[in-house]
Number of protein chains: 2
Amino acid sequence: MSELLLKSIREKVTATEEELQICKSYFTQKKLKKRQFLLQEGEVCSRLAFVEKGALYSYTTDAKGGQHVIQFAFEGWWISDMYSFFTQEPSNLNIEALENSEVLLIDQEQHYQLLAELPKYETYIRILYQNAYIALQRRVESTIGLTAEEKYNRLLEQYPFILQRIPLNLIASYLGVTPETLSRIRKQISR
Amino acid sequence: MSELLLKSIREKVTATEEELQICKSYFTQKKLKKRQFLLQEGEVCSRLAFVEKGALYSYTTDAKGGQHVIQFAFEGWWISDMYSFFTQEPSNLNIEALENSEVLLIDQEQHYQLLAELPKYETYIRILYQNAYIALQRRVESTIGLTAEEKYNRLLEQYPFILQRIPLNLIASYLGVTPETLSRIRKQISR
DNA sequence: AAATGGACTTGACATTTATCAAGCCAGTTA
DNA sequence: TAACTGGCTTGATAAATGTCAAGTCCATTT
């Protein structure tokens, strides 16, 4: 049930089987049905989630009811609201399953305990942040520097599978444009 | 010459004086004049920089010669191209001094050595990434969800001092709008 | 003192994107 | 089977933002 997590750890640090088992013991499994929430706006985000199966996404909602997709997470990815997790303030994000999914959860206390107990875990987490930071920075570069069409093309380059798993209206939201605009862009490209 | 760095470390981890001195010994100092580059597009980013004094910023340039500001860094902040630093691929970023500045530099090998030698340093770095990641995520939220005016207001809220130190054309670039648009937004607000 | 260049603003106009309203289609639900 | 819903597209129009060109102001250089 946690092969992917262990694989993710092994990819980033060299850990013994024993260390991997210790890590594993800190996580609990949860199944989510499509459209089920892992976190709702207003709650404190008390745990980090690793996706073993399926796909989730996080988003904010604005005053006019508009939805803004912050992140997608597929198998092998992490998702949470870091801000709320670390400050313990209520989150303004929703995290929801896009498909029937399975996640592994670690709550705050366990996370800190594991960081203290297992230096390898800290290294793993550091590397995760590194990668997440780099990915986000590239997204910022796209967002401020490119037209909607260029952003869309770059997204497809980076995540070619995304069209197969994410509805276009959510992709539009992720790119910061309306579904209508994305639809017209796609029409434009196809000619 | 490195009080700020040590302060930054002490804020995030509890370290002994000895550990702090070890950290310190890994860094070298460099002074930069206004407009001087710390990194130029095409070079590999071989070191991380901590700003002791002054202000720097990083930016990309696009095909049409347009400049896109990725990050500002003031006293007590870090700046580098993480992507290039970790992949050792040539950077597409420039890092330049906005004012006469002093930075502390640690190069890649030293960084890895220090990570291995001093667990506290790893914890420090992990927390830095955490914070950097959270800050970037908030920026993405702004960028995809807000109008130019809202983005500008939020920036002022978050960094009230920014107008005193950063020219408006760079703020415009950071927000992803043209200087003309920012100028009009400010006119609008002032009425 | 004059010349230069950078930062900023303004106006006219072009382009991009959003908004609103309508309709299509496929898959789910009653 | 019929109704419904979500996802997607299209058209008409409005709003936001970009582009280009000009000009002011101020600090720095000569």
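Letters A, B, ... are given to chains in the order of the sequence lines, protein chains preceding strands, and every chain is numbered from 1.
Within the 3.5 Å criterion, the main-chain N or O of Ser46(A) finds no donor-acceptor partner in the side chain of Asp107(A). With hydrogens and angles ignored, the 3.5 Å screen pairs a side-chain donor or acceptor of Thr143(B) with a backbone N or O of Arg139(B).
A close approach under 4.0 Å does not occur between any side-chain nitrogen or oxygen of Thr181(A) and OP1 or OP2 of dT17(C). Between Asn169(A) and the phosphate of dG6(D), there is no side-chain N or O to OP1/OP2 separation shorter than 4.0 Å. Ser183(B) has no side-chain polar atom (N or O) that falls below the 4.0 Å cut-off from OP1 or OP2 of dC8(C).
Nucleic acid contact for Gly66(B): none, since no nucleic acid atom lies under 4.0 Å from a heavy atom of the residue. Nucleic acid contact for Pro179(B): none, since no nucleic acid atom lies under 4.0 Å from a heavy atom of the residue.
If you take CD1 of Ile185(B) and C1' of dA15(D), they are 13 Å apart, rounded to a whole angstrom. In this entry the distance linking CD of Gln164(A) with P of dG7(D) reads 17 Å, nearest Å. The distance between atom CG of Leu170(B) and atom C1' of dG6(C), rounded to the nearest whole Å, is 11 Å. Between Leu168(A) atom CG and dC25(C) atom P the separation is 17 Å, expressed in whole Å. Counting to the nearest Å, the C1' atom of dT10(D) and the CZ atom of Arg186(A) are 15 Å from each other. For Arg184(B) and dT17(D), the CZ to P distance is 12 Å, given to the nearest whole Å. Atom CG of Leu182(B) and atom P of dC8(C) are 9 Å apart (whole Å). Rounded to a whole Å, the CG atom of Leu146(B) is 15 Å from the C1' atom of dA16(D).
Each of Lys187(B) and Arg35(B) lies near DNA chain C, and the nucleotide nearest Arg35(B) is the one positioned closer to the 5' end.
Of the residues Lys34(B), Arg165(B), Lys53(B), Arg35(B), the one that meets the salt bridge (Lys or Arg N to Asp or Glu O under 4.0 Å) test with Glu99(B) is Arg165(B).
No side-chain donor from either of His68(B) and Tyr174(B) sits under 3.5 Å from a side-chain acceptor of the other.
Put simply, the side chain of Glu180(B) and the base of dC8(C) share no donor and acceptor less than 3.5 Å apart.
The OG atom of Ser2(A) lies 13.5 Å from the NZ atom of Lys7(A); values are rounded to the nearest 0.5 Å.
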